[in-house]
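Following: one structure in structure tokens, then a few remarks.
Positions are given from 1, in the same order as the sequence printed here.
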Amino acid sequence: QVQLVESGGGLVQAGGSLSLSCAASGSIVRINTLGWYRQAPGKRRDIVETIGSGGHTNYVDSVKGRFTISRDKAKNTVYLQMDSLKPEETDVYYCNAKLISVGNWYEADYWGRGTQVTVSS
């Protein structure tokens with residue numbers, strides 16, 4: 001089995017910073033992509049930023065220059081540094097891993113339970 005455990009998040013004032021981290025563990029053969037998504041109640045889950053095994057990143061334009069994703073391959077951990085946060089970015093943030101687990105030959109999506117980020121105005 002594979003688990004993603006998130007930490008970080010919380011309450012911050014507009015313009016402030018928060019850091020998120022997510023550690024993947026379990027029967028993992030290879031992690032291809034790690035990333036973060038966010039979702040507001042009643043809305044779809046949208047990409048924030050992802051990072052591939054080679055370091056290539058993909059992100060929503062609205063976070064460019066403010067959010068930084070990084071990855072520690074040895075620890076199977078992904079980090080998201082969020083600066084200059086805005087009230088409209090109040091959401092539940094979910095960690096995602098696209099990986100191949102033991103006994104499988106295909107890549108599958110795994111999700112963390114989510115962590116609340118609240119930005120007050």
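Both Leu4 and Ile28 are part of a single hydrophobic cluster, where members link through side-chain heavy atoms under 4.5 Å apart. By the criterion of side-chain heavy atoms lying less than 4.5 angstrom apart, applied directly or through intervening Ile, Leu, Val, Met, Phe, Trp or Tyr residues, Val2 is grouped together with Ile31 in one hydrophobic cluster. A continuous path of hydrophobic side-chain contacts links Val92 to Ile47 [ILVMFWY only; heavy atoms under 4.5 Å]. Linking ILVMFWY residues whenever their side-chain heavy atoms come closer than 4.5 Å, directly or via other members, places Val60 and Tyr93 in the same cluster. Val63 and Tyr79 end up in different hydrophobic clusters when Ile, Leu, Val, Met, Phe, Trp and Tyr side chains are linked at under 4.5 Å.
For Gln3, the CD atom is loosely surrounded, since the number of other residues' heavy atoms within 6.0 Å does not exceed 12.
Using a 4.0 Å cut-off between charged nitrogen and carboxylate oxygen, Arg66 and Glu89 count as a salt-bridge pair.
Between Gln116 and Thr118, the closest heavy-atom pair is NE2-OG1, 3.3 Å. Of all non-hydrogen atoms in Thr90 and Val119, the two that sit nearest each other are OG1-N, 2.8 Å. Smallest separation of non-hydrogen atoms from Phe67 and Val48: CD2-CG1, 3.6 Å. Across all non-hydrogen atoms, the minimal contact from Val78 to Ile51 is CG2-CG2, 4.1 Å. What you find for Asn32 and Arg71 is that their closest heavy atoms are O-NH1, 3.1 Å. Between Ser17 and Gln81, the shortest heavy-atom contact is CB-NE2, 3.8 Å.
Separation of atoms CD (Glu49) and CG (Leu20) is listed at 11.5 Å; rounding is to 0.5 Å. Atom OG in Ser27 sits 10.5 Å away from atom CG in Leu99 (nearest 0.5 Å). Expressed to the nearest 0.5 Å, how far CZ of Arg38 lies from CE of Met82 amounts to 9.0 Å. To the nearest 0.5 Å, atom CG of residue Leu11 and atom CG of residue Leu85 are 11.0 Å apart. Interatomic distance, OG of Ser101 versus CZ of Arg30, reported as 11.5 Å (0.5 Å rounding). The distance from the OG atom of Ser19 to the CG atom of Asp83 is 7.5 Å, given to the nearest 0.5 Å.
Each of Thr50, Thr33, Asp109 was compared with Asn96 under the side-chain hydrogen bond (donor to acceptor under 3.5 Å, both in side chains) criterion, and only Asp109 meets it.
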### Task
Determine, stepwise, if the pair Ile100 / Trp105 fulfils side chain to side chain contact (heavy atoms under 4.5 Å, CB included).
CA-CA 7 Å; Ile100 298 173; Trp105 55 268; 5.9 Å; no
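Between the side chains of Thr77 and Asp72, no donor N or O sits under 3.5 Å from an acceptor N or O.
Using a distance-only test at 3.5 Å, with no hydrogens or angles considered, a donor-acceptor pair links the side chain of Glu6 to the main chain of Gly114. The backbone N or O of Ser53 lies less than 3.5 Å from a partner atom in the side chain of Lys73, making a donor-acceptor pair.
A cation-pi arrangement is present between Arg45 and Tyr94 under the rule of less than 6.0 angstrom and at most 45 degrees off the ring axis.
Looking at residues two or more places apart in sequence or on another chain, you find a ring-ring contact (aromatic ring centres under 6.0 Å, His included) between Tyr37 and Trp111.
Considering only heavy atoms from C-beta on, Leu18 comes within 4.5 Å of Val117 through its side chain.
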